[in-house]
**Q** 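Sharing a structure below in structure tokens format, with a few things to ask.
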Amino acid sequence: MAGRRVLVTGGAGFVGSHLVDALLARGDRVRILDNLDPQVHGSDRRKPAWVPGDAEFIQGDVRSPADVRGSLRDVEVVYHLAAAVGVGQSMYQIADYTDVNTLGTAHLLQALVDDRGGVQKLIVASSMSIYGEGRYTRPDGGAPTAILRTADQLRNDQWNPRDVDGAELVPAPTDEGKPLDPTSIYALTKADQEKMVLMMGAAYGIPSVALRFFNIYGPRQALSNPYTGVAAIFSSRLLNGQPPLIFEDGEQKRDFVSVHDVVQALLLSAEEEAAVGKAFNVGSGRAVTVREVAQTLAGVLGTQVQAQVTGKYRVGDIRHCFADISLAREVLGYEPRVAFEEGMQELVGWLQEQERPEDHVETHAAELAARGLTL
Ligand code: UD1
């Protein structure tokens with residue numbers, strides 16, 4: 001249904017801005033609430049050129065109850081995408097992450113509970129990180145008793161999780177029924193956001209949906225932000241003639257989903273009545289190793305620069321997690337359209353058009369190491 005008044009929190013950001021474009025294209029009236037966080041948008045907090053003139057832009061913060069209330073005026077659909085997104089950073093900026101993500105969502109819900117206005121739908125950006133480790137089976141196909149990845153195992157380069165009897169576990173697609181086990185403050189705040197929205201949505205009859213995004217990549221992915229995703233980090237390393245630095249052994253598996261497919265899921269989730277009250281995985285449904293990411297990008301760029309496998313471990317990292325997207329397929333009619341190789345080409349094409357892709361990987365690594373957050 002087009003022609004609605006929609007609020008996108010975080011609408012100047014990577015995912016939010018693509019959603020804003022899609023909403024405007026189908027005739028919605030869009031308002032953006034975004035604080036233009038300096039870590040993403042630069043110290044001068046410049047509004048990115050991609051924020052369209054025909055969207056209403058409010059520079060404001062989800063940490064401010066007044067900003068949140070003001071942004072909700074006359075709105076029918078709310079997409080809550082504003083969040084702090086660095087997993088590693090969340091392990092030393094604990095209060096900040098809880099403030100922006102958990103308390104920011106609390107302010108949004110408080111405003112809706114105090115005065116719902118015309119809001120008919122609330123969609124929140126959740127994350128695969130809330131699972132902790134993905135699903136695994138024992139080598140014989142049975143269910144494991146536990147998924148163990150202890151400091152001792154990691155020190156001995158035993159990267160794959162083990163069961164209590166020491167059996168090495170085999171990764172399997174992760175479905176929404178996997179028990180949640182957040183392993184970082186970021187993940188914990190994402191679990192909070194999801195739970196708070198679905199709980200209050202049910203209690204007050206506000207139709208709500210949570211989307212558990214897997215590893216999103218694509219044009220407009222923040223490069224100046226050292227806590228951005230691995231595909232953007234590796235691309236900017238390669239464009240700067242630097243080798244990508246691979247943690248562990250590079251065989252860890254993820255599910256890389258194009259921002260365009262994520263927008264498809266966001267649009268569908270607001271339409272489908274059967275989606276209300278539920279959380280959905282949004283991925284590509286394909287498992288890709290970190291080593292494959294480096295290889296594919298090097299191939300796209302036609303570079304001879306070889307990735308370096310560091311054997312280091314980032315505290316809070318999980319080993320494998322890739323999506324079972326059956327539920328989103330069935331209920332939302334979601335179908336990923338962008339193949340991994342094609343999407344990596346688009347990412348690199350966009351990066352090449354940028355002025356000078358910066359590379360903050362060394363600073364980031366040093367920050368984590370100084371705090372004992374790498375092994
Ligand atoms: C995390 C979150 C996810 C979030 C995403 C982007 C978890 C489980 N998931 O994903 O919800 O959306 O961050 O904020 O916490 N890697 C390297 N070299 C690098 C950088 C990363 O080898 O220079 C490896 C990591 O060790 C990891 C993989 O690449 O194994 C993916 O890392 P990253 O892109 O940061 O995302 P996740 O940690 O999977």
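Indexing begins at 1, ligand by ligand and atom by atom, following the structure's order.
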**Q** Find all atoms of ligand 1 within a distance of less than 4.0 Å from any non-hydrogen atom belonging to I246, and give their numbers and elements.
**A** 22 (O)
**Q** Measure S129 to ligand 1 on non-hydrogen atoms and call it side chain, backbone, both or neither using the 4.0 Å cut-off.
**A**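 It is both backbone and side chain that touch ligand 1.
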**Q** Which of the atoms of ligand 1 are close to L245, meaning less than 4.0 Å from one of its heavy atoms?
**A**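 The list of qualifying atoms is 17 (C), 18 (N), 19 (C), 22 (O), 23 (O).
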**Q** Please confirm whether Y186 approaches ligand 1 to less than 4.0 Å, judged on its heavy atoms.
**A** yes
**Q** Which bit of V293 is near ligand 1, meaning a heavy atom under 4.0 Å away: side chain, backbone, both or neither?
**A** neither
**Q** What atoms of ligand 1 come within less than 4.0 Å of a heavy atom belonging to M128?
**A**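 Answer for ligand 1: 3 (C), 7 (C), 8 (C), 9 (N), 11 (O).
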**Q** Considering the heavy atoms of V290, write down every atom of ligand 1 situated less than 4.0 Å from one of them.
**A** 22 (O), 28 (C), 29 (O)
**Q** Step by step, work out the salt bridge (charged side-chain N to carboxylate O under 4.0 Å, His left out) result for D175 and R135.
**A** CA-CA 8 Å; D175 56 273; R135 280 260 190 226; 2.8 Å; yes
**Q** Side chains of S64 and H107: donor-acceptor distance under 3.5 Å anywhere?
**A**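 On atom types as modelled, these side chains do not qualify, holding no pair under 3.5 Å.
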**Q** Does ligand 1 have any atom that is closer than 4.0 Å to a heavy atom of F234?
**A** yes
**Q** Quick one, L347 and F256 - any side-chain contact, counting heavy atoms below 4.5 Å?
**A** no
**Q** Please work out whether any backbone atom (N, CA, C, O) or any side-chain heavy atom from C-beta onward of K190 is under 4.0 Å from ligand 1, and answer side chain, backbone, both or neither.
**A**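 Neither part.
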**Q** For ligand 1, which atoms, with element, lie under 4.0 Å from some heavy atom of I233?
**A** 23 (O)
**Q** So if I count the atoms of ligand 1 from 1 in the order they appear, which ones are less than 4.0 Å from some heavy atom of V87?
**A**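 Going through ligand 1 atom by atom, the ones under 4.0 Å from V87 are 1 (C), 2 (C), 13 (O), 15 (O).
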